[in-house]
Protein chains: 2
Amino acid sequence: MVPLGEAAKAIQTGMARRELVLVVGRCKVSYEGRAASKLSEGDRLLIIKHDGTFLVHQSAKMSAINYQGPGAFVSCELALDPNDRKKREPVAIVLSAKRKLANGAVEQIVVRFTEILYAGAYGLKDDSHLKLFGTEKELADLLMSDLHLIEPGMVPLKQESDVRKGTIDILARDAAGNTVVIEVKRRIAGLEAVTQLERYVKELSQRRGSKIRGILCAPDVTASALKMLEESGGLEFAKLDYEIANPSAKIRGLQKKQKIITEYFG
Amino acid sequence: MVPLGEAAKAIQTGMARRELVLVVGRCKVSYEGRAASKLSEGDRLLIIKHDGTFLVHQSAKMSAINYQGPGAFVSCELALDPNDRKKREPVAIVLSAKRKLANGAVEQIVVRFTEILYAGAYGLKDDSHLKLFGTEKELADLLMSDLHLIEPGMVPLKQESDVRKGTIDILARDAAGNTVVIEVKRRIAGLEAVTQLERYVKELSQRRGSKIRGILCAPDVTASALKMLEESGGLEFAKLDYEIANPSAKIRGLQKKQKIITEYFG
DNA sequence: GCGATCAGCGGCACG
DNA sequence: CGTGCCGTTGATCGC
C-alpha cells in the first residue's frame, strides 16, 4: 500500500515528464461520451501514455475495460475529505482523461483511486515499428502475379482500385476478355465478404454494359456465404492456400472450387 | 535497472500466484501464428494476466503491439550467455505465450528482455462488471416501443430475429400491413449497414412472396450509403436522435427522411 | 477532415 | 464448436 500523497506525486511527476505512468490499485471508473459506463470498486491497472492514451485494465481479458485514445488530456489530483478539510488528509486520487470528438462533443473518463498498490513512471525509448507478415495486403500483392493459378489466362489489371462503393482488392481480366473483380480475405470469408464482392460487381456492371465476373478468394468460406455466392448469380469462390513463413507470406495454392460433377447430373 | 535474476524471480513468483505481472524494459518481440511479426529492440510494457492474457505495449497508441488472448500458456525463463556458461550470468529474460487456435494450429509470441526497468506482481480483487449504456441493443430496446415515431401505425413484431443471412435488429409491420425490416446503428451508417439491410430484405422477400420494406435507422448516414439506399429500390432512412443520459440512453426523436420537395419537381 | 476497410481484430450470443 | 455482428471498436490510407 502506497500513501496517496506519495503516489500522486509519482504520477504527476511522470505525467510532467511525459513518461509511461502505471497505477495499480482500488478504484471506481465512470465514462461518458459516445456511450456511457459505470464500473464499481475493484482493483485495476491504469496505464497513461505520453500521447494521452489512457487505459484501465481489469485482471482478466485482453481489452481495456475503459479507455481513452491518443490525444486525450489527462489530469491527476488529490481529493480531500470534504468533511474534514483542515487535516488535508487525501482520501483519493482522481485521474481523468478528456477528449474532443470529431463532431465537437466531448468525452471523458474519470478514475477514482482510494487505495494504491503501486504507482510508477518510466521513460521508454522505442523507435521500432512492427513488421507484420501475412496481411491481406501482402496476400493481394502476391496474388497479383499468381492469378493464372485461378485460371489460365487470367491477368491482373489493377490493385486497390477505388470505386464509388468501396475499394476493389484486385481487378483482372480473364482469357475471354471479361473483367473480373477479386475480393481477397486472409481468413474464412463470411456473408459480409460476399456482400462486398456483390456490391463491387454490381457497380461495375452498371457502369459498363458488359457482364463482370466476381471471385471471392479466401482460405475458406462459411456455408451460408458459399450459398449466397451461388444464389448471387455466378459469383465464384477460389480457395487460397497460403503459408506464413516468417518473415514473409507465400501462396501455396489457389484453385477455384468446381461444382461437384454429380451436381450437373443431379 | 533491475538485475535480470531478481526480475525473473519476481515475474515467476507473480505468475505462480496468478497475479497481474508487469514488466517494463528493453526487449525484442516476435510472433508467429495467424500472422507473423517482428519487433526490434525498444522499451515496452509487458502485462501478464492470470487468465493467460499477454500484452506488449509500446509507449504510444491504444492497442497492444503484440498480444495473446486469454487461455495462453505463459512461460518465463532466464537465458544464459552461450559463450560463457560457467559464469551463469543471465543475459536475458525470455517470456513466451503459446496458444492453440480453433483449427488446431498453434501460435506463439516470444519476448526477450535484455534490460529491466521494473518488474512487479499484484493480486487484484475485482468482482465488478462494467455497466454500459447507449449500446445498439439498448437503442433497439427503446425503439421497439417508439416505432410509431417513424410512421403512425408501425408496430413491432420481433427483436433480434435470426434469418439465414444474419440477424434482423427489428421486424415490424406498418399500417398497411407490410412487413418492415429495421436495421439499427448507434453511429453514422455507412455502406455496409446498407448491404446488411439489403441482405435481410432480399432474403425475406424471396421467402415470402410479398414486398418487404427496409428502413435503416441511425443518427446519420454517409452520402454514398444514402445513395445506395435510394438506388436499392425503396430502402428508407430514418434519422435517430438519441441522448445518453448516464446511466441510460433515451430516444429524443426519430423521423424518416423525406425526399426534398424539389426532387419531385426536379 | 471524412469515408471505407482491415484487423493476428476481441468479445458476445445463439444455433 | 462455428457463424454472425457489435464495438466508446482502433488503425490505416486515400480522397
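To find a chain, count down the sequence lines: A is the first, B the second, and so on, and within it residues start at 1.
One can place CZ of A/Phe133 at 13 Å from C1' of C/dG8, the figure rounded to the nearest angstrom. Rounded to whole angstrom, the span from the CD atom of B/Gln68 across to the P atom of C/dC9 amounts to 12 Å. As a whole-Å value, the separation of B/Ile188 CD1 from C/dG1 P is 14 Å. Between the CG atom of B/Leu226 and the C1' atom of C/dG3 there is a distance of 15 Å, rounded to whole Å. Rounded to a whole Å, the OH atom of B/Tyr67 is 6 Å from the P atom of C/dC9. If you measure from atom NZ of B/Lys38 to atom C1' of C/dG8, you get 15 Å, rounded to the nearest angstrom. Put simply, CD on B/Glu138 is 15 Å from P on C/dA13, counting in whole angstrom units. Distance, B/Glu136 CD to C/dA13 C1': 14 Å, rounded to whole Å.
At a threshold of 4.0 angstrom between heavy atoms, the contacts of A/Ala36 with the nucleic acid are absent. Contact annotation for B/Leu101: no contact, since no heavy-atom pair falls under 4.0 Å across all strands. B/Glu32 comes within contact range of no nucleotide atom at all, as no heavy-atom separation falls under 4.0 Å. Using a 4.0 Å heavy-atom cutoff across all strands shown, B/Tyr200 reaches sugar-phosphate atoms only and no base atom. At a threshold of 4.0 angstrom between heavy atoms, the contacts of B/Glu183 are confined to the sugar-phosphate backbone, with no base atom among them. Here B/Gln196 lies in heavy-atom contact (under 4.0 Å) with sugar-phosphate atoms only. Within the nucleic acid shown, A/Thr135 comes within 4.0 Å of sugar-phosphate atoms alone, with no base atom in reach, counting heavy atoms only.
Listed here is the closest heavy atom pair of A/Gly166 and A/Tyr200: CA-CE2, 3.8 Å. Residues A/Leu39 and B/Leu130 share a closest heavy-atom pair of CD1-N, 3.6 Å. Considering every non-hydrogen atom in both A/Leu147 and A/Ala172, the closest pair reads CD1-CB, 3.7 Å.
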Could you give the side-chain donor-acceptor pairs of residues 131-138 of chain A under 3.5 Å, partners two or more places apart or in another chain?
residue, atom, partner, partner atom, Å
A/Thr135, OG1, A/Glu138, N, 3.2
A/Lys137, NZ, A/Asp141, OD1, 3.3
A/Glu138, OE1, A/Gly134, N, 2.6
A/Glu138, OE2, A/Ala249, N, 2.9

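The residue among A/Ala225 and B/Leu132 whose nearest nucleotide of DNA chain D lies closer to the 5′ end is A/Ala225. The nearest heavy atom of DNA chain C to B/Asn66 and to B/Glu192 marks one nucleotide each, and the one closer to the 5' end goes with B/Glu192. DNA chain D is contacted by both A/Glu107 and A/Val221; A/Val221 maps to the nucleotide lying nearer its 5′ end (nearest heavy atom per residue).
Regarding contacts with the backbone of C/dC9, a side-chain N or O of B/Arg34 is found under 4.0 angstrom from either OP1 or OP2. Between A/Arg187 and C/dG10 there is no side-chain polar atom (N or O) within less than 4.0 angstrom of OP1 or OP2.
DNA chain D is contacted by B/Lys61, B/Met62 of residues 54-62 of chain B, taking any non-hydrogen atom closer than 4.0 Å. Proximity of residues 159-171 of chain B to DNA chain C (heavy atom under 4.0 angstrom from any strand atom) is restricted to B/Asp162.
Residue pairs meeting the salt bridge (Lys or Arg N to Asp or Glu O under 4.0 Å) criterion with at least one member in residues 44-65 of chain A, sequence neighbours excluded, are A/Arg44-B/Asp126.
Atom CD1 of B/Ile188 has 12 or fewer neighbouring heavy atoms from other residues, nucleotides or ligands inside a 6.0 Å radius.
For the pair B/Ser37 and B/Asn66, the minimum side-chain heavy-atom distance is below 4.5 Å. Counting only heavy atoms from C-beta outward, the side chains of B/Glu19 and B/His50 never approach each other to under 4.5 Å.
Rounded to whole Å, the separation between the P atoms of D/dG4 and D/dT8 comes to 22 Å. Nucleotides C/dG8 and D/dG14 are separated by 24 Å at their C1' atoms, to the nearest Å.
A salt bridge (charged side-chain N to carboxylate O under 4.0 Å, His left out) with B/Glu107 is found for exactly one of B/Lys100, B/Lys98, B/Arg34, namely B/Arg34.
Residues B/Thr179 and B/Arg208 have side chains that bring a donor and an acceptor to within less than 3.5 angstrom of each other. Side-chain contact check for A/Glu198 and A/Ser232: at least one donor-acceptor pair (N or O, by modelled atom type) lies under 3.5 Å.
Taking every nucleotide of DNA chain D with any atom under 4.0 Å from a non-hydrogen atom of chain B, the first and last of them, 5' to 3', are D/dG2 to D/dT12.
Residues satisfying the side-chain contact (heavy atoms from CB on, under 4.5 Å) criterion with A/Val94, sequence neighbours excluded, are A/Ala79, A/Val110, A/Arg112.
If you take CD1 on A/Ile47 and OG1 on A/Thr53, they are separated by 10.0 Å, rounding to the nearest 0.5 Å.
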